[in-house]
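Worksheet: one structure, shown below.
Heavy atoms only: backbone and side chains are in, while hydrogens, waters and symmetry mates are out.
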Amino acid sequence: MQIPAPEMHDAPANTTPKAAVSLHDGLVTALRDYIVEGNLADGARIPERLLCDRFGISRTPLREALKVLAAEGLIDLLPNRGARVRELSAEDLRELFDVMGGLEALAGRLACERISDAEVAEIEQTHHEMYRFYLRREMHGYFQCNQAIHRMIVEAAGNATLSATYASFAGRIRRVRYSANLAKERDRWGEAMREHEAILDALRRRAGSELSDILFQHLRNKRKAAQAEVA
């Protein structure tokens, strides 16, 4: 994947050109997807030279992008030794998914109190797009829509503290949430799709308590699949 070099123009002092910001964001997204989708093993060192060649960049922008992913909790920076993919134990997964389940359950309850018809329609549209990716067995597109739906529910809760707390944990289990859909011992992908149908139905009806329970169980089921993959 080659990220095209942006055209650079003179910019006022102390400002960052929009093209440079766009390039940085694009690199962070591409690198995040590369790691989340399992191209590097848990605990593996980040191969900087290989990634520079893959994305057509120098080490400076790569290392800046790695700092963002480290802040998200996806990787660990090693003092003077590069970086590695963060490895989570079964106990880590239990704790993180329980916290995320609690946060999403609260978000669902609050969202039903204040979500607008337009916001429900946007989530419904994303849900249908996600379903099309599911039918085509395109995990990348499915997962992007899936995460967008969860994020939109959190945003619809209208609680900045909840949103910030959620964001601080989301990156740490994003990779595991992706791989859990690929569990070989059960059709977790199909289960998740059916759970999302129930999520959308409860959201349409503004059934806060019901949606809260569905979201918590959704995360619990995801955790079980993730732990099976780790085992």
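- A salt bridge links R205 with E210; the closest basic N to acidic carboxylate O contact falls under 4.0 Å.
- Sequence neighbours left out, not one pair with a member in residues 148-173 passes salt bridge (charged side-chain N to carboxylate O under 4.0 Å, His left out).
- Annotation: ring pair (Phe, Tyr, Trp, His ring centres under 6.0 Å) contacts involving residues 193-214, sequence neighbours excluded, comprise H150-H196, H196-H218.
- Put simply, the side chain of M130 does not reach to within 4.5 Å of the side chain of Q144, judged on heavy atoms.
- The pair E191-R194 fails the salt-bridge criterion, with no side-chain N (NZ, NE, NH1 or NH2) lying under 4.0 Å from an Asp/Glu carboxylate O.
- Two residues are said to be in side-chain contact when any heavy atoms from C-beta on lie closer than 4.5 Å; V176 and L96 fail this criterion.
- When each of N146, I149, L200 is checked for a side chain to side chain contact (heavy atoms under 4.5 Å, CB included) with T126, only I149 meets the rule.
- Counting heavy atoms of neighbouring residues, nucleotides and ligands inside a 6.0 Å radius, atom CZ of R136 exceeds 12 of them.
- With sequence neighbours left out, Y34 forms a side-chain contact (heavy atoms from CB on, under 4.5 Å) with N39, L40, L50, L51, R54, F55.
- Although no hydrogens or angles enter the test, the distance criterion places no donor-acceptor pair under 3.5 Å between the side chain of E138 and the main chain of F133.
- Among K222, R177, R220, R109, the single residue meeting the salt bridge (Lys or Arg N to Asp or Glu O under 4.0 Å) criterion with E104 is R177.
- The pair R132-E129 fails the salt-bridge criterion, with no side-chain N (NZ, NE, NH1 or NH2) lying under 4.0 Å from an Asp/Glu carboxylate O.
- Linking Ile, Leu, Val, Met, Phe, Trp and Tyr whenever their side-chain heavy atoms come within less than 4.5 Å leaves F216 and L211 in two separate clusters.
- Between F97 and V99, every side-chain heavy-atom pair lies at or beyond the 4.5 Å cut-off.
- Contact of the D42 side chain with the R175 side chain is registered, since non-hydrogen atoms from C-beta on lie closer than 4.5 Å.
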Intermediate values then yes/no, side chain to side chain contact (heavy atoms under 4.5 Å, CB included), R223 and M100
CA-CA 10 Å; R223 188 198 85 193; M100 287 293 286; over 6 Å; no

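- Among pairs with a residue in residues 110-121, those fulfilling salt bridge (charged side-chain N to carboxylate O under 4.0 Å, His left out) read D117-R206, at least two apart in sequence or across chains.
- Crowding of E95 atom CD: a count of heavy atoms from other residues, nucleotides or ligands under 6.0 Å exceeding 12.
- For the atom pair NE2 of H140 and SG of C145, the computed distance is 9.5 Å after rounding to the nearest 0.5 Å.
- Among all heavy-atom pairs drawn from C52 and L62, the shortest one is SG-CD2, 3.7 Å.
- The line from CG of L106 to OG1 of T165 is 10.0 Å long, rounded to the nearest 0.5 Å.
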Show every donor-acceptor pair shorter than 3.5 Å between a side-chain atom in residues 74-87 and any protein atom, with sequence neighbours excluded, or say none if there are none.
from : atom 1 : to  : atom 2 : distance (Å)
D76  : OD1    : R86 : NE     : 2.9
D76  : OD1    : R86 : NH2    : 2.7

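- Under the side chain to side chain contact (heavy atoms under 4.5 Å, CB included) rule, L31 has a single partner from V36, L66, I57, which is L66.
- Every pair passing ring pair (Phe, Tyr, Trp, His ring centres under 6.0 Å) that includes a residue from residues 152-178 is listed here, sequence neighbours excluded: F143-Y178.
- Rounding to the nearest 0.5 angstrom, the gap separating the CD1 atom in I153 from the CG atom in L203 is 5.5 Å.
- Between A192 and Y142 the shortest heavy-atom distance is CB-OH, 3.6 Å.
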